[in-house]
Amino acid sequence: MRALCWFGKEDVRLQDVPDPTILNPHDAIIEVSLTAICGSDLHLYDGYIPTMESGDILGHEFMGKVVEVGPEVQNLNVGDRVVVPFPIACGHCHHCHTDAFALCDNSNPNAWMAERAFGHSPAGIFGYSHLYGGYAGGQAEYVRVPFADVGPIKVPDTLSDEDVLFLSDIFPTGYQAVDVANIEPGSTVAVWGCGPVGLFAIKSAYMLGAEKVIAIDHVPERLAMARHQAGAEVLNFTDDPILEALKEMTDGRGPQTCIEAVGMEAHGTGLMDYYDKAKQTLRLETGRPHALREAIMACAKGGTLVIPGVFGGIIDKLPIGAAFSKGLTFKMGQTHVHRYLKPLLARIEKNEIDPSFLITHRLTLEDGPEAYRTFRDKQDECVKVVMRP
Ligand SMILES: [Zn+2]
Ligand SMILES: [Zn+2]
């Protein structure tokens, strides 16, 4: 089969690779009908996630048709059309039983690597380094899905692939960022980053009762999408002094909920931006936490800061004193996608949201290597790439 494979920094190639096979009785093989490039795939593309190996198959946002099931699979049949969540979860451990699927104890065969890096291992993730299990990803014609009874959700034929694909990651990820903040009706939410997760966070904030959402970015087409498609008030951090502007827009109090949907490759301004870029290049910090610092400073006293943006290792100069003095609550982490599949599919079926609104590029796997660059460089007004095999 053909798959998009990682060969190093800025080196993604379409390769012929062996077809996946059933390895465990709970596996299923999915024939991919639609897949996407995620913003977090760009951290792999830019070489910031360790333990990638030459030839690793990329991709954790995908859906398709079940073409083979292992002997122990009970919930799926050949021919079912499914969307697959990006974290892999066993369904039976302590964390799966508490709906914290991204913390599954049993789905990372390389747990020892993650334990060394993080103390304890999170769940395995499709196509996201050996630290996260070394699983082949879904930017391919076929993919092996472990614990197939637990993850994939069947989707009705009345909905198109584009309607449901983003249940695999970015819709639940944006939604969870607001859900875990327990926002009060009528409150103000600020969102750093108007990429796909930020856009879904804005939409979700309104769904969950926010009165006002303020979105921050510097890419004109993303700010336009945040304003016109998602209904946010927008700030461009290259023009507006963000902290002052947010104070002014919230009667001096600051936003009660701040969502950092940027992660480890944030762009900033001024001296601190040079500092972060130099230290990250020298591998003296693994992330550039510009947006995170700003969100901590902006957040209202007693507020909640949620981090769906991906961080991998160590960051510098975090204003922990500001967070402490204002009594902030921090929430962060990978998305417990499984928890949100049914409720969010129901919202799509009820037409409360059309998740395809942010797709700007409809391509094929052949276009993949070029699409990574276009998306990373935000050329051609690229916000979200989907690809058919
Ligand atoms: Zn993703
Ligand atoms: Zn588990």
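Counting starts at 1 for both ligands and their atoms, following the listed order. Any value given below was found using the heavy atoms of this structure, including those in side chains, with hydrogens, waters and symmetry copies removed.
Between the side chain of His218 and the main chain of Thr238, no donor-acceptor pair closer than 3.5 Å is present.
The closest side-chain donor-acceptor pair between Arg347 and Tyr175 falls under 3.5 angstrom.
The stretch residues 281-327 participates, sequence neighbours left out, in no ring pair (Phe, Tyr, Trp, His ring centres under 6.0 Å) pair at all.
An angle of 110° is found at the Zn ion (ligand 1) between His60 atom NE2 and Cys38 atom SG, rounded to 10°.
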Requested in this report: Could you check Asp157 against Arg81 for salt bridge (Lys or Arg N to Asp or Glu O under 4.0 Å), going step by step and ending with a plain yes or no?
Outcome: CA-CA 8 Å; Asp157 286 334; Arg81 182 167 165 256; 3.7 Å; yes
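Between Tyr132 and Phe118, the ring planes are tilted. Angles from 30° to 60° get that label.
Residues Phe357 and Phe200 place their aromatic rings such that the two centres sit under 6.0 Å apart.
Evaluated for a side-chain contact (heavy atoms from CB on, under 4.5 Å) with Met225, the options Asp217, Val219, Leu199, Val234 yield exactly one hit, Leu199.
Closest to the Zn ion (ligand 1) among the N, O or S atoms of Asp169 is OD2.
Take the Zn ion (ligand 2) and draw a sphere of radius 2.8 Å; the protein N/O/S atoms inside it number 4.
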